[in-house]
Engineer: 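Take a look at this one; I'll ask things after.
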Amino acid sequence: MINPKTAFMVPYRISKPYSLRSFLLIVLIIGIFLHIRSYLFQVLSSEAAYISNTVKASHPIEKLILQNYRKQQSFLNRQSKSPEEAIKAYKKRYQRDPPPGFSKWVRYALAHNSTVIDDYDMIEERIAPFRSISSFDLTRRMKAWQESADAFETVKIRDGKFVDCGEQFKNSIEDIVDQLPDMDILLNWLDEPRIVGYDNLRDSNKVTMEDFASKDAWEILSGKCQFSSQKKAKRGAAAKVEYVEDPREALDICSHPEAWNQHGFFNSPSNFRATRNVIPFFSTTSMSTMADLLTPGLDYVDWHYIGDAKTVDTTNYTDKKPQMYWKGWSTGSWFKETSWKRNHRVRFVEKFRSHPMFNIGFSKYVQCDGYCEKLEELVGLVPIDPPTTGFEYKFAMDLDGNGYSGRYYRLLLSNCLVFKQTMFEQWHDDRLMPWVHYIPVSLGMEELESAVDYFAHDVKGLGYGEQIAMAGQEWARKTLRPIDMTIYTYRLLLEYAALFEGGADRRQD
Ligand SMILES: *[C@@H]1O[C@H](CO)[C@@H](O)[C@H](O)[C@H]1NC(C)=O
Ligand SMILES: *[C@@H]1O[C@H](CO)[C@@H](O)[C@H](O)[C@H]1NC(C)=O
């Protein structure tokens, strides 16, 4: 054992002969340091508050919040204000002319106060693989799909009118259908993606469907990936706290070989009827390695999901309990004895259901024939709460079910801070900013406890939590309106129609 007294004395004795000179030198250094610091402080405090905060950011979460806040400011500032600006921005971004009808689209978007005019990379990413396929071949592929697939509809637009169209989709674009060129749209009825589509060389006259219900779908979903040994090594070291910096990376299958046994859709989906053929096909959700074209999930704005006047959140953030809330059904997999622990919802509930900062659980077991009682015994059962109970808590978890979670917009529109975990890509992915509008959560959830702790207990975290909850609500009100979905779909359909030859007459500006 070191004697604290002697341990202290040794350096003291050595430094003694130099004491006066050293003392003066130290005073001088401290003086210079304080002078520079106060100068810097003056400079910085004259900048926007968040910049001076960057210098002082001490917690890794605070750094992420401030970084993304700046990204959000530049996102807002760069949006075009006129068709001329938007065309210029489009050409710069994609190195080509925008599709016919684009100027009219910009005028429509501006007239409806669309906050987003230029940032539609989700459309570009999804359309791009089809640009290298001829119009003739695309049509042939669609015909092959129509002849052998099920659970979809063909929407036909002719002379600015619907020929065939289901109600929901029709309502969403009725306002602009007269601006659209003739086209046929294959629309998915299922809320799961369908087009794995990595086999460009397949016979385009024939579609082969494969059914992965309750089977392992990882091989087909990760078939494109080249998992490096480095990535595999990361799998072993999964216990480290790493906050999600980029949600697009978090749902990238090829970056996450470990995801296979963490999400039910990968190891035992309840329903997944997919094809490896490349088909231009519209779904409300897809995965990083898949090729569905993305339309907005229209059930998001259905009152069943979004709630009505009786289910509006009236509890101020500061008055909410500092806990995470989630209650739901055991969807996300077809449960089997061997796979139940590999379902994302089960993993979440099992990991945190006894944690004092979490009020979570399953209120109903489904998709588990012959196994539900066992699951209930293993993972517990909670009573069904009224829809507003969640508003008593500061933190709202939102995670995938069989497909994407339909509660997301309702939670964003509440006064709660939304924590979001997903492996599904959606139309809104490039307009929701992580750490500004919501908190992204990794599939591994290693960081979730410390993130909740930060927003529940850290003095700054408490303030940031309220800021993000309110910013998410305001942003959802501005950019996730039904009209925003119409504006997105309008632009998507112009890009889509431009893949085909002919029918250009109505597309003139
Ligand atoms: C757009 O915003 C302006 C100004 O706030 C408002 O007067 C107008 O009614 C809005 N238009 C639409 C279509 O929401
Ligand atoms: C919540 O309460 C705080 C403090 O009383 C107040 O500053 C804030 O504006 C309130 N927020 C809302 C959304 O009412």
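Order of appearance sets the numbers: ligands from 1, and atoms from 1 within every ligand. All of these numbers come straight from a predicted model, not from anything done at the bench. Every heavy atom of this structure was used, including side-chain atoms; hydrogens, water molecules and symmetry mates were not.
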Engineer: Which of parallel (below 30°), tilted (30 to 60°) and perpendicular (above 60°) describes H428 and Y409?
Structural biologist: tilted
Engineer: Atom 4 (C) of ligand 1: which protein heavy atom is closest, and how many Å away?
Structural biologist: N113 ND2, 4.7 Å
Engineer: Within the protein, is there a heavy atom lying under 4.0 Å from atom 14 (O) of ligand 1?
Structural biologist: yes
Engineer: If you count the non-hydrogen atoms of other residues, nucleotides and ligands that lie under 6.0 Å from CD in E245, is the total more than 12?
Structural biologist: no
Engineer: With heavy-atom distances below 4.0 Å as the criterion, list the atoms of ligand 1 near A111.
Structural biologist: 13 (C)
Engineer: Any non-hydrogen protein atom below 4.0 Å of atom 11 (N) of ligand 1?
Structural biologist: yes
Engineer: I need the single residue from I123, L480, T285 that forms a side-chain contact (heavy atoms from CB on, under 4.5 Å) with W427. Which is it?
Structural biologist: L480
Engineer: Should the heavy atoms of other residues, nucleotides or ligands under 6.0 Å from NZ of K92 be counted, would the total exceed 12?
Structural biologist: no
